[in-house]
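Please read the structure below before turning to the comments.
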Amino acid sequence: MYNRVYNFAAGPSQLSLDVLEEISKDLFNYQGTGMSVMEMSHRSKTYLKIFEETKATIKEVMNIPDNYEIIFMQGGATEQFSAIPLNLAPNAKADYIVTGSFAKKAAKEAAKFVDVNIACDVGPDYKRIPKQDELNLRKDADYVYICANNTIYGTEYQDYPDTGDIPLVADMSSDICSKKIDVSKFGLIYAGCQKNMGIAGLSFVIVRKDLIGKHRENMPVLMEYDTQVNGDSMYNTPNTFAIYVLGLVAKWIKKLGGLEAMEKRNKEKAKILYDILDNSDFYIGHADKDSRSMMNVTFNLPTEELEAKFVAEAKKEGMESLKGHRSVGGIRASIYNAMELEGIEKLAAFMKKFEEENR
Ligand SMILES: *Cc1c(COP(=O)(O)O)cnc(C)c1O
């Protein structure tokens, strides 16, 4: 009806049509207010209702316990690379498990502020998630940092590391809300919203209450978690529209059956593509089997020329942004929550045809 493509971009990425239709329905006149959400005061009654509903729905969908705070910030996931060491390290010691580019960047940023120990680095090819016995964790670290899903390389934690009493901090930018997780296992979880939770310009942070308020003395006020909590994410004007979209996405997830249903659907989708990789010597998967991401499927073809041809022909057939990240090349299909099964089936059929014609 709208002539839309299947968008396999890693982020910003596809939104569900349900959410887009809801936005378009409300765009000029939100529920009789005579204005759009974009034009509303963040302190208005109507907006505060949207805000509270968003928080409540995401809390319910992710089953976030009461001893956690939800904070909305701006500056993307990358801002949290700095905010986390500034807020959570009273002893200025943090352990980082490096499984890809974003964890590496986060560790580099943290090292400006605290003593960083690289507990493990599975590079340079980043095909896998390390095992517990490979981790060199310190007993006196303030937190242990992981990147739950490595968007660029296509690997994902299946089981999270055991860090005992030391808070586990996770960047879940690219797999948040894709499956059920036990929030109580984490000290802090965060995500940039443009992959699985809506649109760019909003970061979503869940932090355990007892970890708040131990930040260093001199730091940018907007990065202080306690300031954000005390002002209910409205110390300054928040990204009102992105919070509204997050609320719609959370309601959409709920409507589809919550995170259990999402997980089932995502497993099914990923399996279709991984089955092709497993039954082909034309397509070569990047990630080790036990570390594969359910969200970003990465693979190579026999030559770079064939990869370019693959991307171009797929685009002609209405499948966009299949080119791998510029730092690693190859092909990457990002198949977040909003990618429909039909999009996966279309890609799978294309892959089979392309292999037959080009092998
Ligand atoms: C996209 C992404 C980031 C960077 O997000 P920004 O919002 O652009 O800062 C960080 N971590 C992961 C895992 C990502 O997928």
Side-chain angles (χ1 to χ4, degrees), residues 7-15 71-86 94 96-110 112 121-123 126-130 143-158 160-161 168-179 181 186 188-206 220 222-223 233 238-239 241-243 245-246 249 266 270 286-287 291-298 321 323-328 332-339:
N7 178 5
F8 291 92
S13 48
Q14 192 171 304
L15 286 165
I71 310 174
F72 301 118
M73 289 169 74
Q74 301 180 50
T78 304
E79 186 186 35
Q80 301 305 318
F81 296 176
S82 331
I84 289 163
L86 290 170
Y96 278 70
I97 302 174
V98 177
T99 50
S101 316
F102 288 120
K104 201 173 191 167
K105 274 188 173 170
K108 194 176 164 206
E109 180 66 11
K112 290 180 187 169
D121 185 333
V122 296
Y126 296 112
K127 284 171 182 292
R128 65 188 188 89
I129 299 300
Y143 62 87
V144 177
Y145 182 101
I146 62 166
C147 179
N149 182 71
N150 299 283
T151 324
I152 293 174
Y153 294 94
T155 61
E156 183 175 14
Y157 279 85
Q158 322 289 318
Y160 297 110
L168 180 61
V169 168
D171 175 359
M172 293 197 184
S173 292
S174 51
D175 69 348
I176 195 153
C177 289
S178 67
K179 59 187 175 184
I181 54 155
F186 297 86
L188 182 147
I189 292 171
Y190 76 97
C193 288
Q194 68 271 27
K195 284 145 191 170
N196 238 348
M197 297 186 115
I199 60 175
L202 180 66
S203 17
F204 174 73
V205 182
I206 310 170
L222 278 178
M223 280 198 208
S233 304
N239 188 332
F241 195 76
I243 292 168
V245 176
L246 169 59
V249 170
N266 287 328
H286 177 77
S291 301
R292 282 172 166 172
S293 166
M294 205 155 59
M295 296 283 102
N296 310 94
V297 179
T298 51
S321 300
K323 194 172 187 294
H325 188 270
R326 59 190 182 281
S327 63
V328 295
R332 170 176 56 180
S334 297
I335 52 171
Y336 301 122
N337 285 351
M339 174 57 66

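Indexing begins at 1, ligand by ligand and atom by atom, following the structure's order. Computed over heavy atoms, backbone and side chain alike; hydrogens, waters and symmetry mates excluded.
Applying the 4.0 Å criterion to heavy atoms of S174 picks out, from ligand 1, the atoms 13 (C), 15 (O). Of all atoms in ligand 1, numbered sequentially from 1 with element shown, those under 4.0 Å from a heavy atom of G76 are 7 (O), 9 (O).
Residue G11 places every heavy atom at 4.0 Å or more from ligand 1. Distances shorter than 4.0 angstrom do not occur between any heavy atom of E79 and any atom of ligand 1.
The side-chain hydrogen bond (donor to acceptor under 3.5 Å, both in side chains) with N149 is formed by just one residue from the set N296, T99, T155, N196; it is N296.
Both tests pass for K195 against the ring of F102: distance under 6.0 Å to the centre and angle within 45° of the axis.
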Would you please test L246 and F72 for side chain to side chain contact (heavy atoms under 4.5 Å, CB included) and show each step? CA-CA 11 Å; L246 169 59; F72 301 118; 3.5 Å; yes
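Using a 4.5 Å heavy-atom threshold, the side chains of C177 and N337 count as touching. Between P85 and Y96 the shortest side-chain heavy-atom distance falls below 4.5 Å.
If you look at C147 next to ligand 1, the close heavy atoms, those under 4.0 Å, all belong to the side chain. Only side-chain heavy atoms of T151 come within less than 4.0 Å of ligand 1; its backbone N, CA, C and O stay farther off. Of the heavy atoms in N149, only backbone atoms (N, CA, C, O) come closer than 4.0 Å to ligand 1. By the criterion of a heavy-atom distance under 4.0 Å, the side chain of K195, and not its backbone, is placed next to ligand 1.
If you check which protein heavy atom lies closest to atom 11 (N) of ligand 1, you get D171 OD2, 2.6 Å. Protein heavy atom in closest approach to atom 9 (O) of ligand 1: T78 OG1, 2.5 Å. Atom 5 (O) of ligand 1 has as its closest protein heavy atom A77 CB, 3.3 Å. The nearest heavy-atom contact from the protein to atom 3 (C) of ligand 1 is F102 CE2, 3.4 Å. Ranking protein heavy atoms by distance to atom 8 (O) of ligand 1, first place goes to Q194 NE2, 3.6 Å.
Between the CE atom in M223 and the CD atom in E79 there is a gap of 4.5 Å [rounded to 0.5 Å]. Within the model, atoms CZ of F8 and OG of S13 stand 12.0 Å from one another, a figure rounded to the nearest 0.5 Å.
Using cut-offs of 30° and 60° on the angle between ring planes, the pair Y145 and Y190 is tilted.
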